[in-house]
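In what follows, every chain begins at residue 1, and chains take the letters A, B, ... in the order their sequences are listed.
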Amino acid sequence: MLDPRLIRSELDYVVAQLARRGFKLDAVRIIELEAQRKDIQVRTQTLQADRNARSKSIGQAKAKGEDIAPLLAEVGKLGDHLKSAEQELSQLQTELEAIMLGVPNIPHESTPDGKSENDNVEIRRWGEPTCFDFDVKDHVDVGEQLGGLDFDTAAKITGSRFAVMTGGVARMHRALIQFMLDLHTREHGYTEIYVPYIVNKESLRGTGQLPKFEKDLFKLNDEQEYYLIPTAEVPVTNVVRDEIIDTADMPRRFACHTPCFRSEAGSYGRDTRGMIRQHQFEKVELVQIVKPEDSHQALEALTGHAEIVLQKLGLPYRVMALCSGDIGFSSTKTYDLEVWLPAQNTYREISSCSNFEDFQARRLQARWRNPETGKPELVHTVNGSGLAVGRTLVAILENYQQADGCLKVPEVLQTYMGGLTTIAKA
RNA sequence: GGAGAGGUGGCUGAGUGGUCGAAAGCACUGGUCUUGAAAACCAGCGACGGGUUAAACCGUCCCAGGGUUCGAAUCCCUGCCUCUCCGCCA
């Protein structure tokens with residue numbers, strides 16, 4: 001959520017900034033509602049003050065043993081006026097809040113302008129696209145040849161966009177998770193955290209998935225209206241919801257492995273083959289809760305932490321700065337890491353690292369006590385994938401495939417796989 | 001699933017219809033003392049919204065949502081959550 005005061009005082013600026021990302025803010029409507037709100041709020045508060053004063057004098061009169069009947073008569077009508085004013089006010093506030101919850105974050109000044117992913121800007125590359133002296137297969141063929149990847153069985157068990165992994169492939173998938181968690185906790189200063197995979201509406205509203213993106217979520221058919229998490233970002237960031245964090249505990253850095261569930265309504269027809277786009281996938285997520293002045297530095301650092309995973313795995317990649325039209329709803333600045341997929345002859349997203357500044361914090365009421373002011377102030381939140389495990393496996397299947405159909409095991413994974421150096425063809 | 005207890009400021013915790021936004025303690029901030037620190041003592045100290053140059057001041061908030069009342073942290077209803085005991089269970 002944006003700062004309501006910013007919208008009130010710098011409406012033109014906000015409108016212009018949101019236009020950069022293709023969002024049209026209904027300024028006229030907001031001005032209108034704000035004016036009404038102010039008017040009714042003043043009226044309501046005047047009535048409340050009046051009621052409070054009268055009630056107080058009734059109490060005092062009663063204490064002295066005076067007759068309170070005339071005072072009661074006086075206050076009689078006040079209640080009705082007050083009630084209707086209060087109702088009107090809360091209706092307006094609800095409407096204003098609904099609008100505010102649907103307004104995306106303002107792009108950071110360093111976020112390049114642009115309309116779509118075609119306008120994203122390449123920041124740097126690492127490694128050279130892998131060369132092969134034989135015909136490269138895509139990860140589906142490599143995986144099936146190894147007898148480790150099976151989409152037909154998954155379709156039987158559930159439906160499309162699920163995968164069954166077996167044997168060495170399943171083991172490598174698990175090894176990747178251990179490797180990533182160990183790396184981030186041992187070398188990058190993150191605390192491992194385990195969280196629920198089912199969350200309530202408040203949590204999803206806090207990180208920005210609700211109310212606008214319910215279609216992308218799997219909702220449970222229960223009384224509590226629970227949802228499966230689309231990313232660990234939701235439960236992990238909500239750890240600090242409604243909290244005032246001690247300065248000594250800042251920053252907080254969490255590394256978390258969870259499955260992610262995405263309905264992705266609207267993505268039909270994209271990446272239908274293979275493991276790129278699934279309803280269920282594993283991810284190791286990095287989340288940082290930081291002081292406002294540190295958040296952009298934290299984004300650079302966090303992006304670097306995700307990059308090191310790719311470097312250690314020997315997977316070529318590039319870093320893209322998403323343009324204003326392509327960053328997510330809650331984000332002010334986002335870097336995507338794109339890994340080289342030889343079969344597609346292109347780079348594909350494998351991590352997305354974002355700074356949300358205080359956008360999520362405001363929804364979450366996540367604050368820290370600034371020692372300089374002594375006051376609670378909103379924190380900044382930063383997160384990113386470190387990495388998407390399924391897609392990392394895809395990248396390994398494609399980049400480490402051998403002419404004979406076997407799969408080399410990246411060196412850093414070998415200790416996680418009992419010293420195995422190659423996964424043999426089935 | 002059954003029975004009971006409870007949800008109050010950053011934390012612990014008192015408060016059962018009328019100057020209660022709320023005792024006390026801890027934490028924190030400032031001061032005295034000290035070479036410095038600690039201790040001790042004194043003072044200050046909730047959040048949010050409105051208002052103000054700043055204050056004063058006004059409003060809302062004692063889990064959430066309804067209700068009773070001139071007036072609710074306090075009474076009633078519903079929901080959520082936590083704890084204890086019993087049962088069941090990986």
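B:rG79 atom C1' lies 14 Å from atom CG of A:Asn200, rounded to whole Å. Taking atom NZ on A:Lys38 and atom C1' on B:rG51, their separation rounds to 9 Å, with Å as the unit. Taking atom CD1 of residue A:Ile40 and atom C1' of nucleotide B:rG49, one finds them 16 Å apart after rounding to whole Å. Protein atom CZ of A:Arg37 is 8 Å distant from nucleotide atom P of B:rG51, rounded to whole Å.
Counting any heavy atom pair closer than 4.0 Å across all strands shown, A:Lys62 reaches a base atom. Across all strands shown, A:Asn52 has heavy atoms under 4.0 Å from sugar-phosphate atoms exclusively, and none from any base. Counting any heavy atom pair closer than 4.0 Å across all strands shown, A:Pro371 reaches no nucleic acid atom. Residue-level contact check: A:Ile244 touches the backbone only, with heavy atoms under 4.0 Å from sugar-phosphate atoms and none from bases.
Dashed line: the shortest gap from a side-chain N or O of A:Arg8 to OP1 or OP2 of B:rG50 is under 4.0 Å. Phosphate proximity of B:rU60 to A:Arg51: present, with a side-chain N or O under 4.0 Å from OP1 or OP2. Taking 4.0 angstrom as the limit, A:Arg5 places a side-chain polar atom (N or O) nearer than this to OP1 or OP2 of B:rG49. Applying the 4.0 Å criterion to OP1 and OP2 of B:rA47, one finds that A:Lys375 has a side-chain N or O inside that range. Checking the phosphate oxygens (OP1, OP2) of B:rA47, no side-chain nitrogen or oxygen of A:Arg367 falls inside 4.0 Å.
Nucleotide B:rU68 has no partner under the Watson-Crick or G-U criteria, as no pair reaches both atom distances under 3.5 Å. Base-pair partner of B:rA37: not found among the strands shown (Watson-Crick or G-U wobble, both distances under 3.5 Å). B:rA56 is unpaired under the Watson-Crick or G-U wobble criterion, no partner having all donor-acceptor distances under 3.5 Å. Across all strands shown, B:rG44 pairs with B:rC28; the Watson-Crick or G-U wobble distances both stay below 3.5 Å. Of the nucleotides present, B:rG2 is the one that pairs with B:rC85 by Watson-Crick or G-U wobble criteria, both distances under 3.5 Å. Nucleotide B:rG51: unpaired (no Watson-Crick or G-U wobble partner with both distances less than 3.5 Å). With a cut-off of 3.5 Å on both Watson-Crick or G-U wobble distances, the partner of B:rU74 is given as none.
Taking atom C1' in both B:rA22 and B:rG9, one finds a spacing of 9 Å when rounded to whole Å. Nucleotides B:rG46 and B:rG21, compared at atom P, are 14 Å apart to the nearest Å. Rounded to whole Å, the separation between the C1' atoms of B:rG30 and B:rC80 comes to 42 Å. Only the C1' atoms considered, B:rG15 is 8 Å distant from B:rA23, to the nearest whole Å. B:rG6 and B:rC63: their P atoms are spaced 14 Å apart (whole Å). Going from the P atom of B:rC88 to that of B:rA14 covers 35 Å, rounded to whole Å. B:rC83 and B:rA47 have their C1' atoms separated by 27 Å, with the value rounded to a whole Å. Spacing between B:rG79 and B:rU84 at atom C1', rounded to whole Å, works out to 22 Å.
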- request: Determine, step by step, whether A:Leu341 and A:Arg348 satisfy the side chain to side chain contact (heavy atoms under 4.5 Å, CB included) criterion, reporting the C-alpha distance in whole Å, the side-chain angles of both residues, the deciding distance to 0.1 Å, and the verdict.
  value: CA-CA 7 Å; A:Leu341 292 187; A:Arg348 291 299 306 264; 3.6 Å; yes
message: I'd like to know whether A:Arg37 forms a salt bridge (charged side-chain N to carboxylate O under 4.0 Å, His left out) with A:Glu34, so could you lay out the CA-CA distance, the side-chain angles of the two residues, the decisive distance to 0.1 Å, and finally the verdict.
response: CA-CA 5 Å; A:Arg37 194 222 87 225; A:Glu34 264 302 323; 2.4 Å; yes
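Distance from the side chain of A:Ser55 is smallest for B:rG71 among the nucleotides B:rG49, B:rG71, B:rG10. Side-chain proximity of A:Ile58 to B:rC70, B:rU19, B:rG51: nearest is B:rC70. For A:Gln48, counting side-chain heavy atoms from C-beta on, the closest listed nucleotide (B:rC58, B:rU19, B:rU60) is B:rU60.
Using modelled atom types, one side-chain atom of A:Thr247 and one backbone atom of A:Arg369 make a donor-acceptor pair closer than 3.5 Å.
A:His188 and A:Tyr190 have perpendicular rings, their planes meeting at more than 60° on a 0 to 90° scale where under 30° would count as parallel.
A side-chain N or O of A:His257 and one of A:Glu282 form a donor-acceptor pair less than 3.5 Å apart. Under 3.5 Å, the side chains of A:Ser263 and A:Lys215 contain no donor-acceptor pair of N or O atoms. The closest side-chain donor-acceptor pair between A:Glu243 and A:Gln365, if any, does not fall under 3.5 angstrom.
Of the two residues near RNA chain B, A:Ala53 and A:Tyr226, the one whose nearest nucleotide lies more 5' is A:Ala53. When each of A:Gln41 and A:Arg54 is assigned the nucleotide of RNA chain B with its nearest heavy atom, A:Gln41 is the one assigned upstream, toward the 5' end.
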